[in-house]
Enquirer: 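The structure under discussion is supplied below as structure tokens; questions concerning it will follow.
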Amino acid sequence: MIHKGVKPDNKAYTCLIHGYCSSGQGKEVVRMLKEMSAHGHHPDVVTCSSLLDYHCKNGRCTEARKIFDYMIEKGTKPNVTAYNTLLNGYATKGALSDMHGLLDLMAGNDISPDHYTVNTVLWAYAKGDMIDEAMHIFDQMRQQGLSLNEVSYGAIIDALCKFGRVDEAMLKFNQMINEGVTPGIVVFSSLVYGLCTVGKWDKAEELFSEMLSQGIHPDATFFTRIMHNLCNGGRVTEAQSLVDLMSGKFSEAQELYLNMIKSGMQLDIYTYNIILNGLCKNSCVDEAFKIFQSLCSKGFQLHILTFTIMIDALLKSGRKEDAMDMFTAISTHGLVPDVMTYGLMIENLIKEGLLEESDNLYLAMEKSGCTPNSCMLNALVRRLLHQGEVMRVGAYLSKIDEMNFSLEASTTSLLISVFSREEYQHQMMSLPKKYHFLVDAKKRGLFQRNWILNCVETSLCDP
DNA sequence: TTGTAACCAT
């Protein structure tokens, strides 16, 4: 066009800018803008919105704001879409004060918010854990008759579920149905997740069935949210309940996610870790192993946790050779074992009676720069006690003391029960000094429950 | 000639 001597007009520039924005060619956008301005053209409100969106999507709200202010300076009045775009940029970043400032400006310029505006603000609050503010916006929307879609309901329901306010979330769910808004996967996903985490298994299952009967299939997010609980080590009882739930009441879920994998649904390593762990914990190690191998053959980038999950499962199902192979394969995937991986392997060597090897692996771990944690050292002490290897316990107890860790309750009680046995009495002195009271206690016949609890509290757990 | 949104994270 230019070569033929035709001067591009506003329309031509605008068209090009939109193209460059949507294909992410920022440099070209800037070049076009400069050229445009040099020819005396100015982008209109729609083009500016494209630019705003372009910058916001790349996390550059400050840049976006410059364009917004430039727009006003040049006399181009931002419309509701322009405001919404920038508001969304702020909301995504969690820049709530900037968002509030822009809302004030919007009100000052008599631009009425639409359902995009309110949803964006509602989402920003939900994301920022400002649940009551979100609820307030939600009620305002309803009062003002602004359209409430699945998105609006989804945002509020999810936020309520995250905070365990599942009863309120269920009220919103019923409300949306009464208003003729059809819940989709997001709403079901949030509610089933929420119900599971508060232990309302029956209700969760009921809702899951309802979801399936409506032809809504669980997606990766759904499984991630539900199965996340399987890995939630800190809440053993709830995790166990979920294992039961998944293997029993949620048998449809198991089938469905296997089908999903077969149908080529894209899952990331995060989801795979959870699925592999879920399968392993439900005695489906073979199935998990197959998935693991297919991931390897596809060249999928694995995480050390993927190996740890598999090694744990293989060891627990007695496949020690496979576990060993997997441990040695870690480095060929460009990964290094972490404290959990080493812990499992060392514990297994102790279990096998290969004490030299276990010591060597422990040293290798330290040499590799991997620091033992409290959980691992406690597990090793317990394993040694279980195997009757009391002479080796002292070294690990010393490490626990050196690193200012505490004995876990299960370790303490095992220690007491093992050393109260006659056969181990004479080995008590191999323990660090602070544990010698166990001998005195035995001699004085003080092994009453309260006394032990007192010792545990004052001496062991709080050194 | 053209523009705007959400849920999971070992």
Side-chain angles (χ1 to χ4, degrees), chain A residues 8-22 41 43-57 64 67 71 78-92 99 113-128 134 147 149-162 169 183-194 196-197 218-234 239 267-278 280-281 302-309 312 338 340:
Chain A
D9 58 2
N10 214 328
K11 187 172 152 183
Y13 280 116
T14 305
C15 192
L16 274 170
I17 288 171
H18 280 280
Y20 286 134
C21 275
S22 54
H41 296 301
D44 63 7
V45 61
V46 179
T47 306
C48 285
S49 298
S50 267
L51 283 168
L52 289 176
D53 190 47
Y54 173 74
H55 285 301
C56 286
K57 288 226 169 76
I67 289 170
M71 226 167 130
N79 61 10
V80 65
T81 307
Y83 276 99
N84 288 343
T85 307
L86 186 53
L87 281 171
N88 187 54
Y90 288 145
T92 307
M99 186 184 83
D114 62 7
H115 74 278
Y116 274 94
T117 323
V118 199
N119 272 302
T120 301
V121 176
L122 191 147
W123 170 58
Y125 285 144
K127 213 164 79 93
S147 68
N149 54 15
E150 202 235 333
V151 176
S152 325
Y153 278 103
I156 203 80
I157 287 172
D158 184 70
L160 287 166
C161 286
K162 265 190 204 150
I185 182 65
V186 175
V187 166
F188 278 108
S189 161
S190 298
L191 283 169
V192 174
Y193 174 81
C196 283
T197 45
D219 59 3
T221 302
F222 180 88
F223 282 111
T224 307
R225 298 186 80 169
I226 306 304
M227 288 190 225
H228 160 233
N229 293 277
L230 296 172
C231 295
N232 206 341
L267 301 179
D268 59 15
I269 189 59
Y270 180 77
T271 316
Y272 272 118
N273 284 342
I274 286 163
I275 287 175
L276 290 175
N277 192 45
C280 289
K281 297 281 148 62
L302 304 174
H303 189 280
I304 184 59
L305 185 63
T306 323
F307 282 92
T308 308
I309 289 166
D312 185 35
D338 65 6
M340 267 169 78

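All chains are named by letter (A, B, ...) in the order of the sequence lines, taking the proteins before the strands, and each is independently numbered beginning at 1. None of these values were measured; they are calculated from a predicted model.
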Enquirer: Looking only at side-chain atoms of Val186(A), point me to the closest of dA5(B), dC7(B), dT1(B).
Expert: dC7(B)
Enquirer: Which residues satisfy the salt bridge (Lys or Arg N to Asp or Glu O under 4.0 Å) test with Asp338(A), sequence neighbours excluded?
Expert: none
Enquirer: Whether the Asp44(A) and Thr47(A) side chains hold a donor-acceptor pair (N or O, under 3.5 Å, no angle test) is what I'd like checked.
Expert: yes
Enquirer: Taking only the side-chain heavy atoms of Thr85(A) (C-beta and beyond), determine which of dA5(B), dT2(B), dT4(B) contains the nearest atom.
Expert: dT4(B)
Enquirer: Using a cut-off of 4.0 Å on non-hydrogen atoms, how would the nucleic acid contact of Asp158(A) be classed: base, sugar-phosphate, or nothing?
Expert: sugar-phosphate
Enquirer: Look at the side chain of Asn79(A) against the base of dG3(B) and say whether a donor-acceptor pair falls under 3.5 Å; ignore hydrogens and angles.
Expert: yes
Enquirer: What integer distance in Å separates Leu51(A):CG from dT4(B):C1'?
Expert: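 After rounding, the reported distance stands at 14 Å.
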Enquirer: Quickly work out the Asn88(A) CG to dT4(B) P distance and round it to whole Å.
Expert: 11 Å
Enquirer: Within the structure shown, what part of the strands sits under 4.0 Å from Thr120(A) by heavy-atom distance: base, sugar-phosphate, or nothing?
Expert: nothing
Enquirer: Grab the OH-P distance between Tyr116(A) and dA5(B) for me, whole Å please.
Expert: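 Answer to the nearest Å: 7 Å.
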Enquirer: So if I take every side-chain heavy atom of Asn84(A) and compare against dT4(B), dC8(B), dG3(B), which nucleotide ends up nearest?
Expert: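 The listed nucleotide nearest to Asn84(A)'s side chain is dT4(B).
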Enquirer: Below 3.5 Å, does any donor atom in the side chain of Thr81(A) face an acceptor in the base of dG3(B), or the other way round?
Expert: yes
Enquirer: What's the closest nucleotide to the side chain of Thr14(A) if the choices are dC8(B), dT1(B), dG3(B)?
Expert: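 Closest nucleotide to the Thr14(A) side chain: dT1(B).
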Enquirer: Whole Å only: how far is the CZ atom of Phe188(A) from the C1' atom of dA6(B)?
Expert: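 Roughly 17 Å, once rounded to whole Å.
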Enquirer: dT4(B), dT1(B), dA6(B): which one has an atom nearest the side-chain heavy atoms of Trp123(A)?
Expert: dA6(B)
Enquirer: Under the criterion side-chain contact (heavy atoms from CB on, under 4.5 Å), which of Leu160(A), Ile157(A), Val186(A) is the partner of Leu191(A)?
Expert: Ile157(A)
Enquirer: Which part of the nucleic acid does Ala82(A) contact within heavy-atom distance under 4.0 Å: base, sugar-phosphate only, or nothing?
Expert: base
Enquirer: Rounded to whole angstrom units, what separation is found between the CD1 atom of Ile67(A) and the C1' atom of dT4(B)?
Expert: 15 Å
Enquirer: Would you mind reading off the distance between Lys57(A) atom NZ and dA6(B) atom C1', rounded to a whole angstrom?
Expert: 13 Å
Enquirer: Does Asp114(A) reach the side chain of Asn84(A), with side-chain heavy atoms less than 4.5 Å apart?
Expert: yes
Enquirer: From CG of Asn149(A) over to C1' of dT4(B), roughly how many Å is that when rounded to an integer?
Expert: 13 Å
Enquirer: State the CG-CG distance between Leu87(A) and Asn119(A), to the nearest 0.5 angstrom.
Expert: 12.0 Å
Enquirer: How long is the line joining NZ of Lys127(A) and P of dA9(B), in whole Å?
Expert: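 Whole-Å distance recorded here is 13 Å.
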Enquirer: For the side chain of Ser189(A), counting heavy atoms from C-beta on, which of dA5(B), dT1(B), dC7(B) is nearest?
Expert: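 Looking only at side-chain atoms, Ser189(A) lies closest to dC7(B).
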